[in-house]
Amino acid sequence: MSEKFSIYDSPFSDETKVLRRNSLILSGICLFIGLTGELPSKLAILGVSFSAPQQNIIGWFLFAVLGYFYLHFLSNAAVEVAKWIHPFFKIISAKKIMLTQYSHAFDESDFANIPDEVNEQDINDMQANAISAADWEVTNRLRWLYNMIYVKLTIEIVAPVCIGVWAMVQLLVLIAN
């Protein structure tokens with residue numbers, strides 16, 4: 001992604017596109033199961049059959065896996081969309097700041113048409129100040145999207161560790177008995 005906003009650029013990284021695809025595939029499978037009202041009783045690929053209580057566990061397992069992929073995609077996508085639209089809002093905010101705080105130097109119709117009494121260094125300082133203030137303003141406006149980074153970090157670090165430990169303990173209990 002570049003510093004310049006373009007609606008034609010994809011806001012998503014390859015990682016987020018993979019998460020989106022996986023989330024959509026799992027959503028489709030879970031939607032099919034939910035619409036048919038039947039949990040799988042047999043996995044032909046693995047040659048495994050399931051009893052009624054095991055089917056319930058499979059249902060919860062699919063739900064948990066779908067929730068994981070969905071939240072992981074959502075947290076990645078929110079941060080990347082915020083980064084994608086940030087330059088667009090930054091320019092709009094900078095223009096607004098230049099027109100309101102420095103109206104003696106900037107005009108709506110033409111930013112290059114600057115009165116003689118303002119020297120070039122002042123204009124550069126005003127523009128840099130306006131862009132800095134706009135960046136801060138847009139960051140604050142998009143803070144709720146940027147805060148999704150905490151969900152992303154939780155999903156990428158805490159969830160895999162906890163699920164891995166849980167799976168190992170369950171497998172160890174199963175093997176030990």
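What you are looking at is a predicted structure, and each value in this text was computed from that prediction instead of being measured.
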Rounded to the nearest 0.5 Å, how far apart are [atom1] of [X] and [atom2] of [Y]?
X	Y	atom1	atom2	answer
Lys90	Glu137	NZ	CD	12.5 Å
Phe12	Lys17	CZ	NZ	9.0 Å
Leu145	Arg143	CG	CZ	11.5 Å
Arg21	Thr16	CZ	OG1	12.5 Å
Leu19	Asp14	CG	CG	11.0 Å
Ile131	Ile97	CD1	CD1	9.5 Å

Subject >> Shortest non-hydrogen contact from Ser27 toward Leu66 >> reply: OG-CD1, 3.4 Å
Original post:
Taking all atoms of both residues into account, what is the closest heavy-atom pair of Ala134 and Ala94, and its distance?
Top reply: CB-N, 3.2 Å
Strictly distance-based, threshold 3.5 Å: is any side-chain N or O of [X] a donor or acceptor partner for the main-chain N or O of [Y]?
X	Y	answer
Glu38	Ile33	no
Ser132	Ala128	no
Gln54	Ser51	yes
Ser75	Leu71	yes

Using the rule that two of Ile, Leu, Val, Met, Phe, Trp, Tyr join whenever any of their side-chain heavy atoms come within less than 4.5 Å, decide whether [X] and [Y] are in one cluster.
X	Y	value
Phe32	Ile58	no
Ile149	Phe73	yes
Leu26	Leu24	no
Phe63	Tyr68	no
Val81	Ile91	no

**OP:** Check each of Asn140, Leu142, Asp135 against Val138 using the side-chain contact (heavy atoms from CB on, under 4.5 Å) test, and report the only one that passes.
**Re:** Leu142
**OP:** Could you please spell out the steps behind the side chain to side chain contact (heavy atoms under 4.5 Å, CB included) verdict for Lys42 and Phe50?
**Re:** CA-CA 6 Å; Lys42 187 175 185 178; Phe50 304 108; 5.7 Å; no
Close side-chain approach of [X] and [Y], heavy atoms under 4.5 Å:
X	Y	result
Met98	Met126	no
Arg20	Tyr70	no
Gln55	Ser41	yes

**OP:** Please report the C-alpha distance between Leu74 and Val151 in whole Å, then the side-chain angles of each, then the deciding distance to 0.1 Å, and finally whether the side chain to side chain contact (heavy atoms under 4.5 Å, CB included) criterion is met.
**Re:** CA-CA 9 Å; Leu74 191 64; Val151 175; over 6 Å; no
Subject >> His72 and Asn22: side chain donor to acceptor below 3.5 Å >> reply: no
Subject >> Test side chain to side chain contact (heavy atoms under 4.5 Å, CB included) applied to Trp60 and Leu62, step by step >> reply: CA-CA 5 Å; Trp60 281 107; Leu62 286 172; over 6 Å; no
